[in-house]
Amino acid sequence: MQQDRRPAGVSHEAGSYEIRLTGHLDARWAGLFDGLVIHHAPDGTTVLSGLIVDQAALHGLLQRVRDLGIPLVSVNRADRDPQRAPGTQPEI
């Protein structure tokens, strides 16, 4: 029997993510990002947000960003809050 060696609370299941990139990407890039929503933040960055099916898909997406030469700012797993606009922080 094989043991699961992931730290407690770590899952390979689907999750909602926000990936922040330097600059404002044009809408024509949307097809390259597997249906993620493209949001232009006021700070001059672009936030890609949406459901990513698993860690392999997340890593593939990050490799695509790297291969395109787009500077990566951050990657965050996002809470599913339909009232929160992409790229904004939850209220505390």
Side-chain angles (χ1 to χ4, degrees):
M1 186 159 127
Q2 187 174 3
Q3 276 188 312
D4 187 357
R5 296 179 186 261
R6 288 177 285 181
V10 174
S11 171
H12 290 287
E13 296 176 6
S16 182
Y17 285 85
E18 292 182 349
I19 301 168
R20 187 175 297 270
L21 309 171
T22 299
H24 283 169
L25 297 183
D26 190 287
R28 66 187 166 96
W29 292 83
L32 295 173
F33 297 113
D34 301 328
L36 295 178
V37 174
I38 295 178
H39 170 76
H40 294 151
D43 64 359
T45 61
T46 295
V47 178
L48 305 176
S49 61
L51 187 67
I52 298 179
V53 297
D54 59 19
Q55 289 291 301
L58 176 60
H59 284 267
L61 185 63
L62 294 175
Q63 286 177 342
R64 191 169 310 132
V65 167
R66 179 203 62 204
D67 292 347
L68 292 168
I70 303 169
L72 178 66
V73 175
S74 65
V75 178
N76 293 300
R77 184 146 184 172
D79 294 332
R80 291 178 164 259
D81 183 353
Q83 295 181 357
R84 188 166 60 95
T88 62
Q89 296 297 319
E91 292 184 29
I92 299 176

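All values below were derived from every heavy atom in this structure, side-chain atoms included, with hydrogens, water molecules and symmetry-related copies excluded.
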Colleague: Are any of the side-chain heavy atoms of Ile52 and Leu36 separated by less than 4.5 Å?
Modeller: yes

Colleague: If I take atom NE2 from residue His39 and atom OG1 from residue Thr45, how far apart are they, to the nearest 0.5 angstrom?
Modeller: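 If we round to the nearest 0.5 Å, His39:NE2 and Thr45:OG1 are 8.0 Å apart.
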
Colleague: Any chance you could measure Ile70, atom CD1, to Arg64, atom CZ, to the nearest 0.5 Å?
Modeller: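 These two atoms lie 10.5 Å from each other.
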
Colleague: Of all the heavy-atom pairs spanning Ala78 and Glu18, show the shortest one and how long it is.
Modeller: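 That closest heavy-atom pairing would be CB-CG, 3.9 Å.
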
Colleague: Using modelled atom types and a 3.5 Å cut-off, is there a donor and acceptor pairing between side-chain atoms of His40 and backbone atoms of Gly23?
Modeller: no

Colleague: Please round to the nearest 0.5 Å and tell me the distance separating atom CD1 of Ile19 and atom CG of Leu61.
Modeller: 4.0 Å

Colleague: Could you state the interatomic distance from CG (Leu58) to OH (Tyr17), rounded to the nearest 0.5 Å?
Modeller: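 Leu58 CG to Tyr17 OH: 5.5 Å, rounded to 0.5 Å.
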
Colleague: Give me the atom names and distance for the closest heavy-atom approach of His24 to Ala41.
Modeller: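 Heavy-atom minimum between the residues: NE2-O, 2.9 Å.
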
Colleague: If I take atom OG1 from residue Thr22 and atom CG from residue Leu72, how far apart are they, to the nearest 0.5 angstrom?
Modeller: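 Between atom OG1 of Thr22 and atom CG of Leu72 there are 8.0 Å.
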
Colleague: Could you measure the distance from the CG atom of Leu21 to the CH2 atom of Trp29? Nearest 0.5 Å is fine.
Modeller: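 Leu21 CG to Trp29 CH2: 10.0 Å, rounded to 0.5 Å.
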
Colleague: Would you say the side-chain atoms of Thr46 pair up with the backbone N or O of Leu25, donor to acceptor, closer than 3.5 Å?
Modeller: yes

Colleague: Could you report the tightest heavy-atom contact between Ser16 and Leu51, atom names first, then the distance?
Modeller: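 Shortest heavy-atom contact: N-CD1, 4.1 Å.
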
Colleague: Can you name the closest pair of heavy atoms from Arg77 and Gly15 and give their distance?
Modeller: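 Where Arg77 meets Gly15 most closely, the heavy atoms are NH2-CA, 3.3 Å.
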
